[in-house]
Amino acid sequence: MKGVGAKTTDTGGPDRLDVLGPVEAAVHDGRYDEALRHLAAVPADAPLPAALAWRLGVLLHQRGRFDAAEACYQRAALDAADHHRPFALADRAQVLAGLASARWARGDQTQTRQLAEEAVRVAEQSGDDSAVAAAYVAQALVAFSDGNRADNEYAYARALAAAERAGDFGQQLRIRCNVGSRLVEEGRYRSAVEELREAVRLGELLGHQTLLALALYNRAEAWLGLGELRRARSDADEALARWQRAGSPLAAFGLTLTARVHRVRGAARQAMVAYQAALAMGEPDGNAQVLVEACAGLARISYADDPVAAERYAGRALTMPSAAGPTIAELAAGWVALCSGDPQTALRYGEQVRTEAGRRRDAAGLAEAMELAALASHRATPEAASARGVRRLLASLVEAAAIWAELGNEFALATNALLQARLSGDQLAEEMAYERLTQIGVQEGAWQVAGPLASIGPAPVPEVEVQTLGQFTVRLAGVPVPAGSWQSRKARDLLKMVVGQLGKPIAREALATALWPEARTDVALRRLSVLISTVRGVLDPDRQHPADRYLATDPATVRIDPAHVAVDALRFYEAARAAIAADGASTTKARPSGRPDPEEAAGTDGDVRLLSRLEAVVARYTGDLCDDGEVVGDWVQRPRAVLADLHREVIHRLARRCRQLDRTEAAIGWYLRLTVEDGYDEPAHLGLIGALSAAGRHGEASRRYQEYGARMREMDVEPVAFPLPERVRPSA
C-alpha cells in the first residue's frame with residue numbers, strides 16, 4: 001500500500017522572513033517547486049517551524065523523496081511551551097504522522113508504530129480534524145503491516161471522516177487511494193475499482209498529479225487482480241508517465257507494476273527492463289516496497305536463463321523488510337525453487353505463505369500459495385503419482401480455483417483450469433484453458449516465468465499428428481510432411497484408412513482388397529507389406545524408433561498407435577462422447593413449462609463450464625472425415641457418418657443448453673446451423689421455432705414454422721401444431 005498526503009496553509013512570522021519567508025510564501029501560494037528551490041538555500045541544520053516542516057515533508061513524501069521528507073520532519077522546531085495550544089498540538093501531530101509514514105516506507109515497523117501511536121494521542125488532544133486524519137492514516141499503515149485488516153479498516157474510516165469534516169480534499173484523496181490499495185490486497189478487486197474510480201475523479205478535479213498517479217497505479221493493480229491485462233497496462237502506463245513528468249522517484253512504483261503486467265503477459269524481456277529500472281530508482285532511497293517487488297520479479301523472470309541470478313534475487317527479496325509482509329518474496333522464492341527442481345523448499349515457502357496470507361486476509365496470496373504447496377507436495381511425495389495422490393492434488397487446485405472465482409481473476413482461473421486439465425489428462429479442457437489465456441493476452445513467454453505455468457511446462461508437441469477432418473495433413477513434431485515424401489498416393493490412402501478406424505485395428509486383407517481390388521489376395525498382401533514400410537518411413541524418416549511405434553501391426557491387423565500419434569478424428573470422437581455423457585448427467589433445473597427459471601437463467605459455474613466444453617467440441621470438428629474425394633468406400637463412409645452424427649448431436653445439446661441458460665440468440669444461431677445442414681431435422685426446426693418465439697421474433701417464428709411444415713409433409717410426417725405445445729419445447 002502506497003500512501004502520501006498534503007495540506008497547505010500559511011504560517012511563519014516577520015522575524016523569519018529573511019530566510020524562511022520565501023519558502024513559506026511559496027507554500028502558501030501553492031508554488032511547490034519554487035518552495036523546494038527556496039528551501040535548498042536554507043542551511044541544512046537550521047530548524048524549521050513545525051507548521052512549515054510538516055507541509056514541506058508531506059510535499060516531498062508525495063513526490064517520493066522519502067529521505068528529504070524525513071529530514072524536514074526531523075528539523076521541526078517543537079517548542080514544549082506551546083504544546084498546550086491547539087495549533088501547536090496539531091502541527092506536532094502532523095510532524096509525528098509524517099515521520100511515521102516515512103519510516104513505514106522504509107519498512108521500519110517498530111518506529112512507525114511508536115510514532116503513529118503518539119500522533120493519534122496528540123492529534124485527538126488538539127481537536128484538529130486534519131491532524132486527526134493524518135494520524136489515523138499513519139495508524140492504518142501500522143495495522144496494514146501487522147496484517148490486522150480490521151484495525152486497518154477502522155483507522156481509515158476514522159481518517160476519512162476527519163478529512164471530510166476538515167474539508168481536506170488532499171487527505172481524502174490520499175485515504176481513498178490507500179483504501180483502494182487495501183481492497184486490492186484483500187482481493188476485493190471490483191470494490192477496489194469502484195473506490196479508485198472515485199479517487200481518480202477527485203485527483204483529476206484537484207489537479208493533484210502525484211496522488212492521481214497513485215490512484216491510477218492502485219486501480220491498475222485492481223485490473224491486474226481481475227486478469228484485465230490490457231486495462232491494467234493502460235492505467236499502469238499512465239501512472240508511470242505522470243510520475244516521470246513530475247520527476248518523482250515514485251515512478252519506481254509505476255515501473256514495478258508495468259513490469260508485473262509484462263511478467264503476467266509473458267513479455268519477459270520488457271518485464272526484465274522495467275524491473276531493473278525500478279531497482280535502480282528504488283535503491284538510493286532504500287524504498288523497501290519497490291526493492292522487494294523488483295527483486296522478487298527479477299527472480300521469477302531470470303529463472304529460465306540464469307538460475308543462479310534468480311536464486312540471488314530471491315534471496316535478496318527475502319532479506320529485505322517490507323510493510324506488505326513476506327508474501328511477495330516467499331512466493332517468488334517458492335516458484336523459483338519448484339521450477340528449478342527443489343520441491344521441498346517450494347513446499348516450505350508455500351506453507352509459510354498460506355499461513356501468512358490467511359492471517360492477513362490476503363485471498364489472492366492464499367490461492368497462489370495453495371497452488372504452490374499442492375504442486376510442490378505432488379512432486380515431493382513418493383505417492384504423488386498414485387491415483388490417490390492425483391486426487392488430493394486436484395482437490396487442492398479446485399479449492400484454490402474457488403477463491404480465484406470469488407475474486408473474479410480470469411487469468412488465475414484459466415491458469416488453474418489448465419493445471420487441473422494437465423494433471424487429470426483432460427486434453428480438451430487444457431486446450432480450452434490455453435485458448436482463454438491467449439484471449440486474455442498471455443504470450444508464449446509466460447511458460448518461461450517462474451510460476452504455475454512454468455512449473456508444468458507447455459504441452460508437448462505431438463511426435464506425429466494426423467489431421468483428417470477436412471484437409472488431410474500429417475505433421476512430424478509440428479512440421480507438415482511435404483507431399484513428395486509419400487512416394488505414392490496409396491501410402492496416403494493406407495494411412496487414411498487406418499486412422500479412420502478411430503484407434504481400432506483393421507484387417508490386413510480388408511486393407512489389401514480396398515487398395516488393390518483387382519489384384520489377387522496374395523499379391524495385394526505383399527504390396528500392403530511394402531506400403532506399410534513406406535508409411536513407417538514417412539512417419540519416422542530417421543528410423544529413430546521401433547517399427548511399430550506409430551503404425552502397429554500383427555499377422556492379421558494394422559492399427560495406428562494413439563499413444564504416439566495424435567489423430568484429430570479420434571480426439572474429436574472421444575471428446576464428443578465425453579461431453580454428451582456429461583451433458584446427460586447434468587441436472588440443470590427448468591420449470592415444468594420448459595422455459596428456464598429466471599433465477600437459474602445465468603446457470604451455475606458447472607453449467608457454464610459444460611456449455612464451454614460443448615462449444616470447444618464443436619470447434620474441433622473442422623470438416624468431414626477425409627473429405628477430399630481422394631478415396632471412397634465403406635471404410636471412410638461409415639466412420640465419416642459416425643463422426644458427423646456425433647457432431648450434430650453435440651450441436652443439438654449445445655443449442656438446448658443455450659436455451660436453458662437463457663442465451664436465446666446463441667441458441668437460434670445453433671438451430672439455424674442444424675436446419676441449414678439438414679432441412680429434415682425435426683428437433684432442430686422445433687428448437688429454432690421455440691427459440692425465436694422466446695426472443696419475441698414471432699413473425700420469423702411463424703415463417704420458420706411454415707418451412708418446417710413443408711419439409712415434414714415431404715416425408716409424410718404430420719407437423720406439430722403451431723404454437724408448439726409445451727411438451728415438445730426443446731428445453732423441456
Side-chain angles (χ1 to χ4, degrees), residues 224 226-230 232-233 261-268 271 300 304 335 338-339 367-368 371-372 374-375 378 390 393-394 397-398 400-401 404-405 407-467 469 473 475 477-479 562 565-576 578-579 582 605-606 608-622 650 654:
L224 186 57
L226 290 167
E228 296 270 6
L229 301 188
R230 293 176 181 85
R233 185 176 180 184
V261 174
H262 286 315
R263 171 170 65 79
V264 172
R265 290 175 55 237
R300 292 193 183 216
W335 287 119
L338 182 61
C339 295
E368 188 176 351
E371 291 174 340
L372 172 60
L375 293 170
H378 183 66
V390 172
L393 170 61
L394 289 173
L397 294 178
V398 168
W404 292 128
L407 296 178
N409 189 320
E410 289 296 325
F411 164 76
L413 265 177
T415 300
N416 184 283
L418 195 148
L419 295 178
Q420 291 188 51
R422 174 71 64 83
L423 294 163
S424 62
D426 189 336
Q427 190 176 48
L428 177 61
E430 181 172 348
E431 290 176 2
M432 291 166 57
Y434 179 82
E435 177 63 25
R436 179 60 185 140
L437 286 171
T438 302
Q439 291 170 351
I440 290 170
V442 176
Q443 303 173 8
E444 291 296 327
W447 299 94
Q448 303 301 316
V449 176
L453 295 179
S455 71
I456 61 170
V461 177
E463 299 175 39
V464 177
E465 185 177 10
V466 182
Q467 177 182 330
L469 297 177
T473 305
R475 297 182 183 86
V479 180
V565 181
V567 180
D568 62 344
L570 179 58
R571 289 164 62 185
F572 167 77
Y573 177 76
E574 293 175 341
D605 289 341
V608 175
R609 284 196 299 271
L610 181 52
L611 184 69
S612 298
R613 189 179 189 90
L614 291 167
E615 290 173 338
V617 170
V618 170
R620 277 192 169 189
Y621 194 84
T622 55
V650 174
L654 176 56

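What's counted below: heavy atoms across the whole structure, side chains too, no hydrogens, waters or symmetry copies.
The CZ atom of Arg233 sits 4.5 Å away from atom CZ of Arg265, with the distance rounded to the nearest 0.5 Å. Here CG of Leu419 is found 5.0 Å from CD1 of Ile456. Values are rounded to the nearest 0.5 Å. Summarising the geometry, atom CG belonging to Leu393 is positioned 5.5 Å from atom NE2 belonging to His378; distances are rounded to the nearest 0.5 Å. In this structure, the separation between NE2 on His262 and CD on Gln443 is 9.5 Å, given to the nearest 0.5 Å. To the nearest 0.5 Å, atom CZ of residue Arg571 and atom CD of residue Glu465 are 6.0 Å apart. Remark: Asp568 CG to Leu469 CG distance equals 4.0 Å, nearest 0.5 Å.
Between Gly451 and Arg300, the closest heavy-atom pair is CA-NH1, 4.4 Å. Nearest heavy atoms, Val261 versus Leu229: CG1-O, 3.9 Å. Scanning all heavy atoms of the two residues, the minimum distance from Ala429 to Arg613 falls at CB-NH1, 4.3 Å. The shortest heavy-atom contact between Met432 and Ala616 is CG-CB, 3.4 Å. Heavy-atom minimum distance, Gly478 versus Val461: N-CG1, 3.6 Å. Here the shortest heavy-atom pairing between Val264 and Ala446 reads O-CB, 4.3 Å.
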- Item | Worked check of side-chain contact (heavy atoms from CB on, under 4.5 Å) between Trp335 and Leu375 | CA-CA 10 Å; Trp335 287 119; Leu375 293 170; 4.0 Å; yes
- Steps toward side-chain contact (heavy atoms from CB on, under 4.5 Å) verdict (Trp404, Glu368): CA-CA 9 Å; Trp404 292 128; Glu368 188 176 351; 4.2 Å; yes
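A 4.5 Å side-chain heavy-atom check between Glu431 and Arg620 finds at least one atom pair inside the cut-off.
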Output side-chain donor-acceptor pairs under 3.5 Å for residues 407-418, partner residues at least two apart or in another chain, one line each.
unit_1 : atom_1 : unit_2 : atom_2 : d
Asn409 : OD1    : Phe411 : N      : 3.1
Asn409 : OD1    : Ala412 : N      : 2.8
Asn409 : ND2    : Gly225 : O      : 2.5
Thr415 : OG1    : Phe411 : O      : 2.9
Asn416 : OD1    : Gln420 : NE2    : 2.6
Asn416 : ND2    : Glu371 : OE2    : 2.8
Asn416 : ND2    : Leu397 : O      : 3.0

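Of the candidates Val617, Val618, Leu611, Glu615 forms a side-chain contact (heavy atoms from CB on, under 4.5 Å) with just one, namely Leu611.
Looking only at distances, a side-chain donor or acceptor of Arg422 sits under 3.5 Å from a matching main-chain atom of Gly457.
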